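Below is one structure, written out as structure tokens, with a few remarks after it.
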Amino acid sequence: MANHLYDTLFAPHDSSDAPFFYCPGQSTLTYRGFLARAAQFAAAFVDMGLLPGDRVAAQIDKSTDAVAVYVACVRAGLIFLPLNVGYTPTEVSYFLNDSGAKVFLCPDTAQAALSAVAAATDAQLVTLNRDGTGEFADRARTMESVPPVANRGPDDLAAFLYTSGTTGRSKGAMLSHKNLLSNAVLLAKEWHFEPRDVLLHALPIFHTHGLFVAINTAATVGSALIFHEKFDSDALIGDMPQATVMMGVPTFYSRLLDNPDFTSDVSRNMRLFISGSAPMLPETHRQFAKRTGHRILERYGMTETNMSTSNPYNGERKIGTVGPALPGVELKITDPKTGAALPLGDIGVIEVRGDNVFQGYWQMPEKTAAELRADGFFITGDLGHMDADGYVTIVGRDKDLIISGGYNVYPKEVESLIDAQPDVLESAVIGVPDSDLGEVPLALIVAREGITLDLAGLAEAIGSGLARFKQPRQFLQIPALPRNAMGKVQKNVLRDNYARLAETVS
Ligand code: MCA
Ligand code: AMP
């Protein structure tokens with residue numbers, strides 16, 4: 001029996017008493033203890049009748065048990081589907097239906113709001129709380145034996161991560177055992193992870209960054225994590241002297257710099273700071289180096305591709321670039337219209353190919369074909385150029401996407417909800433600069449003739465079905481949307497016109 005991901009990442013630590021998780025205010029969890037918990041959870045899933053290939057959706061708070069649910073899925077051959085805890089029941093309903101999840105985990109506190117949603121799907125709802133209690137934990141505790149590790153090959157699926165699209169409909173990116181394992185092993189090597197490393201972890205664990213890039217990479221070599229429930233600069237500063245590595249989105253770094261207690265002494269044991277998920281301002285790079293003496297290592301990835309590029313551990317980390325393609329990852333810059341490779345230095349769409357690239361979108365062959373070429377290259381929708389040393393600079397996006405504090409907001413999804421409101425003729429949602437979150441959504445709305453919109457009422461109406469981070473920070477009524485000769489809304493014009501206004505309102 002072999003399980004491609006589990007056998008390399010987790011099984012070797014089965015009887016290790018090395019620390020895996022330090023959670024503030026709790027006792028240390030060893031690899032052995034953690035993997036025993038994951039095995040119990042796997043037993044509970046099998047006991048519930050789940051078979052390899054079945055999907056398990058989870059909208060649960062960050063905890064070591066939440067990680068154990070993921071590892072239990074890997075162990076039992078199930079497909080793990082983590083959901084942003086900010087998603088509303090309306091959003092969750094879509095994911096459960098689309099994925100056909102057999103089990104849905106949520107905390108006791110969300111059960112009342114979500115039981116009807118789950119009941120309308122094939123998913124059995126069971127609760128699991130941050131403190132390790134709940135129906136699922138109770139069931140796991142009664143398991144008398146653990147099932148054998150499920151047989152899974154490199155191409156078997158390990159996770160679905162939903163990512164919204166330009167059409168507004170979320171797509172389940174199918175990630176295989178090979179996708180996850182190859183990237184974890186690669187990153188551990190490239191970033192020089194060792195068993196004695198301690199990774200300071202404050203990211204959410206329902207995305208690639210906090211779950212796979214951080215946890216899989218650390219587990220590859222048996223490193224420990226200091227596991228914070230969420231980002232809090234004081235708490236991070238308190239624990240940083242015990243850590244050696246940190247991963248974060250740019251907002252983490254700008255918030256640390258805003259904290260006067262963040263001094264070079266705090267980072268005295270740190271060997272590496274890594275940033276990604278959104279562009280980091282050159283000014284943040286510079287200020288951070290000045291304050292701590294550390295050069296932040298910026299890397300680039302996507303849900304569909306895991307990590308594709310990284311500035312080097314040794315060697316020059318070029319500010320403003322995301323580094324060269326990682327070993328084994330092929331990257332090219334192509335003409336957005338023809339798909340032809342462009343000469344060095346020209347700006348085009350970034351395409352990547354390698355074991356890191358996902359298997360396609362769940363039950364969406366047309367969307368898969370539109371973005372994943374038959375030759376294996378994935379069209380990222382990010383615009384960039386490459387220098388003579390292979391370093392990639394991202395200059396923008398060919399896709400209509402707003403990245404707010406590392407979370408993706410697809411304007412189309414928000415616009416569709418606004419446009420469905422009475423009195424609204426049409427709308428455009430744009431990203432405008434925000435000093436804390438990089439950018440935030442702003443809604444520009446055109447009303448039907450002669451109508452003055454009740455903007456507060458409109459914000460409330462769309463808010464009930466939309467996660468908070470996707471909700472525009474401001475709604476403005478404007479007379480008309482600027483359009484080009486083809487009739488396409490000129491979002492660049494809107495961004496130019498409204499960029500400054502937003503800084504004053506957010
Ligand atoms: C929270 N809020 C947000 C965001 N986060 N609004 C917009 N954008 C956000 N990112 C809302 C809250 O619900 C709250 O609303 C209000 O903003 C203020 O919350 P605050 O306490 O300031 O926020 P926070 O809880 O401190 O969170 C900010 C954060 C967090 C720490 C930047 O968003 C975060 O951890 N982001 C990381 C995202 C991430 O991991 N991305 C990786 C994706 P109200 O006031 O109404 O209650 S993976 C990826 O992109 C690829 C693969 C890659 O390359 O890594
Ligand atoms: P997601 O769909 O959540 O996986 O977000 C992936 C997107 O985040 C990419 O397509 C990029 O637009 C963006 N991204 C990730 N890392 C970086 C980075 N270092 N610099 C600029 N953009 C980034």
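Every number for a ligand or one of its atoms is a count from 1 in the order of the listing. Since the model is a prediction, treat every value here as computed from it, not as a measurement.
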Taking both backbone and side-chain atoms of Arg473, is any N or O found less than 3.5 Å from an N or O belonging to ligand 1? yes
Among protein heavy atoms, which lies nearest atom 19 (N) of ligand 2, and at what distance? Arg299 O, 2.7 Å
Closest by any non-hydrogen atom to atom 40 (O) of ligand 1: pick that one out of Gly406, Ala202, Ser308, Pro204. Pro204
Around atom 4 (C) of ligand 1, find the nearest protein heavy atom and jot down its residue, atom name and distance. Phe469 CB, 3.9 Å
With backbone taken as N, CA, C and O and side chain as the heavy atoms from C-beta onward, which portion of Tyr300 lies under 4.0 Å from ligand 1: side chain, backbone, both, or neither? neither
Restricting to heavy atoms, the pick from Gly463, Ser404, Ala467 nearest atom 9 (C) of ligand 1 would be Ser404
Any protein heavy atom sitting closer than 4.0 Å to atom 31 (C) of ligand 1? yes
Residue portion contacting ligand 2 (non-hydrogen atoms closer than 4.0 Å) for Thr380: neither
Are any non-hydrogen side-chain atoms of Leu236 and His228 less than 4.5 angstrom apart? yes
contact_flag Gln471 ligand 1 heavy-atom lt 4.0 Å: no
Heavy atoms only: which of Arg255, Arg299, Lys62 is nearest to atom 54 (O) of ligand 1? Arg299
Ion pair present between Glu298 and Arg317, side-chain N to carboxylate O less than 4.0 angstrom? no
Using a cut-off of 6.0 Å, state whether more than 12 heavy atoms not belonging to Lys189 lie near its atom NZ. no
Which is it for Thr303 and ligand 2 at heavy atoms under 4.0 Å: side chain, backbone, both or neither? both
Quick check on Gly210 - does any of its heavy atoms sit under 4.0 Å from an atom of ligand 1? no
Does Tyr407, backbone or side chain, put an N or O under 3.5 Å from an N or O of ligand 1? no
The protein heavy atom nearest to atom 14 (C) of ligand 1 is Arg468 CG, 4.3 Å
Under 4.0 angstrom from ligand 1, any heavy atom of Lys470? no
When the ring planes of Tyr361 and Phe378 are compared, do they come out parallel, tilted or perpendicular, using 30° and 60° as the limits? perpendicular
Evaluate the ring planes of Phe262 and Phe288, with Trp represented by its six-membered ring, and classify them as parallel (under 30°), tilted (30 to 60°) or perpendicular (over 60°). tilted
Can you tell which part of Met307 has a heavy atom less than 4.0 Å from ligand 2: side chain, backbone, both or neither? neither
Here the gap from Thr380 atom OG1 to Glu304 atom CD, rounded to the nearest 0.5 Å, amounts to 9.5 Å
Nearest to atom 23 (C) of ligand 2 by heavy atom, Pro250, Gly301, Ser275, Ala278: which? Ala278
Closest protein heavy atom (residue, atom, distance) for atom 21 (O) of ligand 1: Lys230 NZ, 4.0 Å
Do Lys318 and Asp387 meet the salt-bridge criterion of a basic N to acidic O distance under 4.0 Å? yes
Should the proximity of Met280 to ligand 2, defined as any heavy atom under 4.0 Å, be assigned to the side chain, the backbone, both, or neither? neither
Considering heavy atoms of the protein only, find what lies nearest to atom 36 (N) of ligand 1 and give residue, atom and distance to 0.1 Å. Gly405 O, 2.9 Å
Kindly indicate, with the supporting measurements, whether the criterion side chain to side chain donor-acceptor pair (under 3.5 Å) is fulfilled by Asp197 and Thr244. CA-CA 6 Å; Asp197 271 317; Thr244 61; 2.7 Å; yes
Protein heavy atoms: any of them under 4.0 Å from atom 19 (O) of ligand 1? no
Ligand 2 versus Glu298, non-hydrogen atoms closer than 4.0 Å: side chain, backbone, both, neither? side chain
Would the Phe227 and Tyr22 ring centres measure less than 6.0 Å apart? no
Between Pro472 and Leu442, is there a side-chain heavy-atom distance shorter than 4.5 Å? no
Aromatic rings Tyr162 and Phe160: how do their planes relate, parallel, tilted or perpendicular, breaks at 30° and 60°? perpendicular
Tyr87 ring center within less than 6.0 Å of Phe95 ring center: yes
With a 4.0 Å cut-off on heavy atoms, is Asn408 touching ligand 2? yes
Among all the protein's heavy atoms, is there at least one whose distance to atom 1 (C) of ligand 1 comes out below 4.0 Å? no
Could you tell me whether Pro279 approaches ligand 2 through its side chain, its backbone, both or neither, with non-hydrogen atoms closer than 4.0 Å? both
Below 6.0 angstrom between ring centroids: does that apply to His207 and Tyr407? yes
Do ligand 2 and Thr163 have nitrogen or oxygen atoms that lie under 3.5 Å from each other? no
Please state whether the rings of Tyr70 and Phe10 are parallel, tilted or perpendicular, taking 30° and 60° as the class boundaries. perpendicular
among protein heavy atoms, the one nearest atom 55 (O) of ligand 1 is Ser277 OG, 2.6 Å
Show me, pair by pair, the donor-acceptor contacts under 3.5 angstrom made by side chains of residues 272-282, not counting sequence neighbours?
unit_1, atom_1, unit_2, atom_2, d
Ser277, OG, His209, ND1, 2.7

Between Trp191 and Tyr313, does the ring centre distance come in under 6.0 Å? no
